[in-house]
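One structure is given below, encoded as structure tokens.
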Amino acid sequence: MSDCLFCKIAAGEVPSTKVYEDEYVYAFNDIDPKAPFHVIVIPKKHIGSADEIDSSNSAEIAHVFEAIAKIAKQEKLENGYRVVNNCGEDGGQTVHHIHFHLLARRNLAWPPG
Ligand code: AMP
Ligand code: ZN
């Protein structure tokens, strides 16, 4: 999508600090981190939100989770981490390109607020 911030980040048209990239996935540091380690993991293909996942695009999401396991090893997140997806207004989604927050390096409260 031409007017999507995360499509532009994946394409290198908007700068970001890259943490991981492969054919299907791009991961970068969150600009406003909520934990000492806060990376945004996205499929390069535009999917608006978790609500738009179906059989035509679920492989993109599988690639994201394969990448998360690789990033966790690459970044030595041995003490654990949390993966968060915010979907829709009540979910707190502000960027409408599906993304997964990968949070680590502090004890994360449960349940979240
Ligand atoms: P969400 O509220 O789940 O839609 O998350 C969007 C996330 O994207 C927030 O944590 C923002 O801090 C982050 N964000 C927004 N713009 C940028 C940017 N240009 N570079 C990196 N992270 C960003
Ligand atoms: Zn997009």
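The shown structure was predicted, so the numbers you read here are calculated from the model rather than taken from an experiment. Counting starts at 1 for both ligands and their atoms, following the listed order.
Atoms CD1 and NE2, from Ile40 and His99 in turn, are 5.0 Å apart once rounded to the nearest 0.5 Å.
Scored by the salt bridge (charged side-chain N to carboxylate O under 4.0 Å, His left out) test, Lys18 finds Glu21 as partners (sequence neighbours excluded).
You'll find the side chain of Pro43 stays beyond 4.5 Å of the side chain of Tyr26, heavy atoms only. Considering only heavy atoms from C-beta on, His38 stays 4.5 Å or farther from Leu102 through its side chain. Put simply, the side chain of Glu52 does not reach to within 4.5 Å of the side chain of Ile98, judged on heavy atoms.
With hydrogens and angles left out, the side-chain atoms of Ser56 and Asp54 include a donor and acceptor closer than 3.5 Å.
For the pair ND1 of His46 and SG of Cys7, the angle at the Zn ion (ligand 2) is about 110°; rounding is to 10 degrees.
Backbone or side-chain N, O or S atoms of His96 do not reach the Zn ion (ligand 2) at under 2.8 Å.
Residues lining ligand 1 at a heavy-atom distance below 4.0 Å are given as Leu5, Phe6, Ile9, Phe28, Asn29, Asp30, Ile31, Asp32, Lys34, Asn86, Gly92, Gln93, Thr94, Val95, His99, His101, ordered by chain and residue number.
Looking only at its N/O/S atoms, His97 has ND1 as the one nearest to the Zn ion (ligand 2).
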*Show the numbers, then the answer: is there a ring-ring contact (aromatic ring centres under 6.0 Å, His included) between Phe100 and Phe65?*
CA-CA 9 Å; Phe100 296 85; Phe65 277 84; 5.2 Å; yes
